[in-house]
Amino acid sequence: MITTGLAHHTFPLSRLLLFSSLPPLSSTLGSSYPTSIFNQIPNPTIFLYNTLISALASTNNTHIALSLYSHLLSHKTPNPNNYTYPSLFKACGSHPWIHHGLALHAHVLKFLGSTYDHFLHASLLNFYSKCGKLELSRYLFNQIQDPDLAAWNSIISAYAHGTSTCSDDASSCIEALFLFDEMQMSLIRPNEITFVAVIGACADLGALSQGAWAHAYIERHGLELNRFVATALIDMYAKCGCINLAIQVFDSLPKRDTMCYNSMIRGLAIHGLARPAVGLFNVMDRDGVAVDYVTFVVMMCAYAHAGLVDEGRRCFNSMNEVYGIEPKIEHYGCLVDLLGRAGRLDEAHEVVWKMPMRPNAVIWRSLLGASRIHGNMELGELALRHLTELEPESGGNYVLLSNIYANMNHWEDVRRVRKVMKDKGINKMPGHSLVEMDGEIHEFILGDRAHPRSREIYAMLDEMGRRLHEYGHKPSTQEVLFDMGEEEKEDALSYHSEKIAIAFALVASDSTVPIRIIKNLRVCGDCHSSAKLISRIYGREIILRDRIRFHHFRYGACSCLDYW
DNA sequence: TTAGGGTTAG
């Protein structure tokens, strides 16, 4: 009966639920358990165990799968084999349950020694990458002599995903693209799964031409534009500043699921297109596509970026009232952000105190950011106190507070904050800007002179400075951290990575194409006002992606309408 | 007969 049930994926879970009440694997390994089903089967084979464990693991019943594995261990025979572990590692990786996975790894060594096969090896690689142990994954990958497609996909995905947990570091995405190159040289043909990872890496890097190449490859080689690939493409085009191409992909799909919609709404939101985002949400709702909690995260983002406070609030309230979705901490974060940015600091503060869960760092950072924009030092200090408890090592939080003081010319306080940072050995995350030019990605940091065309770039920076001055640009020096002289501050501003990137693009690119820049932090006020003017002076469209959203500079104005 | 690789938000 059990095997028949499995074949139809209607395995009677209720009969195995007794396993789920068992303690977790870490405390059960090697112990013996009374069980009903397996005790009723005389001499269950390892095949039967493996089949059940796999079915349980792939239906997200990790705990029961692990308990069944414990049951297997509690008997002398049969012994686990090569087929037993991959599904367990996969399930542990999806949570991820690192301690259970580590225990399993120890068991692999105990039961199989070093004789396990490449399937198991690759599943270990994958498990460690899901737990964020990229170096370990790479080590395991390097041990594989002739990696097959799945092994390549595992390692490319691992690197492509590396950036999302560490948004200051583009290098893991670049490594993903290098690995993809290597894979092609080894004559392994990529499939849809490879491209989901590759396109994801391009999205994070803002590497439009590589992303578009991947899209063309998919079409040329008849790969399927399935929902994974489609979502990745929509996301990539949106994050590379080509919202129209994202819409084109979205419109071309015969069927759209929740994730496609979420990705498209998110794309519209980061481009400040709140009205189309609301329109799409309504279509989604009308067409009976399930909305989920991510849909509301992205909708709240759309409202926040456009400053549509009351509508955003209504959207938040409708989650529970209309859709029966309980707001999570992310939604409260969006609400605080929405109110705070709009200057409704008291309301934002009230949300923080009244929310049903303990506010996390994201919430306090939103409040701190809002305090900075609206110059509320008291609230800023309060938010930072909570933030430093939760994230004692993060320099960005101190920088935000320091900016509040600098904005108000409280240089003594700026010095105090800087001293705390210095004493604690905390550094600000360095800002960098990426520009893609003819398929190559150029990275610039503050005051960067490492680029081969550095002389031309700095000559252009000088020229930009002169022309900005002629057009009446007054550098907004409030956001410079230190109480240096005005002239020095202006210098510090003019060598911000995004300005260097713009100068490089003016020097090196065809004057008819838009300048595309990806910045890892938020754009500063001075760079923002300079970019607006530069778009007018040089007649160039500048599309700048910062950590949160896009700015399209055209004819001296920005698509964010200076609200960010 | 049983095993590994993929999407959005934060």
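If you're wondering where the values come from, they're calculated on a predicted model, not measured in any experiment. Proteins come first, then strands; the chains are lettered A, B, ... in the order of their sequence lines, and each starts at number 1.
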Identify whether any heavy atom of [X] sits under 4.0 Å from a base atom; if not, whether one sits that close to sugar-phosphate; answer base, sugar-phosphate or nothing.
| X | result |
| --- | --- |
| A:Asp235 | sugar-phosphate |
| A:Ser154 | sugar-phosphate |
| A:Val297 | sugar-phosphate |
| A:Tyr293 | base |

For [X], which residues count as a side chain to side chain donor-acceptor pair (under 3.5 Å) partner, sequence neighbours excluded?
| X | answer |
| --- | --- |
| A:Asn50 | A:Asn81, A:Thr84 |
| A:Ser137 | none |
| A:Tyr139 | A:Gln143 |
| A:Asp235 | A:Lys239 |

Decide yes or no for A:Ser123 and A:Tyr85: does some side-chain heavy atom of the first lie under 4.5 Å from some side-chain heavy atom of the second? no
Picking from [options], which would you name as closest to the side chain of [X]?
| X | options | result |
| --- | --- | --- |
| A:Asn226 | B:dG4, B:dG6, B:dT7 | B:dG6 |
| A:Ser123 | B:dT2, B:dG10, B:dG4 | B:dG4 |
| A:Ser87 | B:dT7, B:dG4, B:dG10 | B:dG4 |
| A:Pro86 | B:dT2, B:dA9, B:dA3 | B:dA3 |

In whole Å, what is the span from the [atom1] atom of [X] to the [atom2] atom of [N]?
| X | N | atom1 | atom2 | value |
| --- | --- | --- | --- | --- |
| A:Phe119 | B:dG4 | CZ | C1' | 6 Å |
| A:Met259 | B:dG10 | CE | C1' | 14 Å |
| A:Met319 | B:dA9 | CE | P | 16 Å |
| A:Tyr261 | B:dA9 | OH | P | 18 Å |
| A:Phe281 | B:dT8 | CZ | P | 20 Å |
| A:Leu88 | B:dA3 | CG | P | 12 Å |
| A:Leu149 | B:dA3 | CG | C1' | 16 Å |
| A:His121 | B:dG4 | NE2 | P | 16 Å |

Is there a donor-acceptor pair closer than 3.5 Å between any side-chain N or O of A:Asn226 and the backbone N or O of A:Phe228? yes
Taking only residues two or more places apart in sequence or in another chain, which ones pass salt bridge (charged side-chain N to carboxylate O under 4.0 Å, His left out) with [X]?
| X | result |
| --- | --- |
| A:Glu192 | none |
| A:Glu350 | A:Lys354 |
| A:Arg266 | none |
| A:Arg314 | none |

Contact list please: [range] against DNA chain B, heavy atoms, distance less than 4.0 Å, in numerical order.
| range | value |
| --- | --- |
| residues 179-199 of chain A | A:Asn191, A:Glu192, A:Ile193, A:Val196 |
| residues 245-257 of chain A | none |
| residues 124-147 of chain A | A:Asn126, A:Lys130 |

Would the base of B:dT7 count as contacting A:Thr231 through its side chain, where contact means a donor and an acceptor less than 3.5 Å apart? yes
So, OP1 or OP2 of B:dG10: does either fall under 4.0 Å of a side-chain N or O from A:Arg266? yes
Check whether any side-chain N or O of A:Lys90 sits under 4.0 Å from OP1 or OP2 of B:dG6, and answer yes or no. no
With the threshold set at 4.0 Å, does a side-chain nitrogen-carboxylate oxygen contact exist between A:Arg522 and A:Asp546? yes
Under the side chain to side chain contact (heavy atoms under 4.5 Å, CB included) test, which residues partner A:Ser58, sequence neighbours left out? none
A:Tyr83 stacking on B:dT2: centroids under 5.5 Å, ring planes under 30°? yes
Considering the options A:Phe316, A:Phe296, A:Tyr293, which one meets the ring-ring contact (aromatic ring centres under 6.0 Å, His included) requirement together with A:Tyr332? A:Phe316
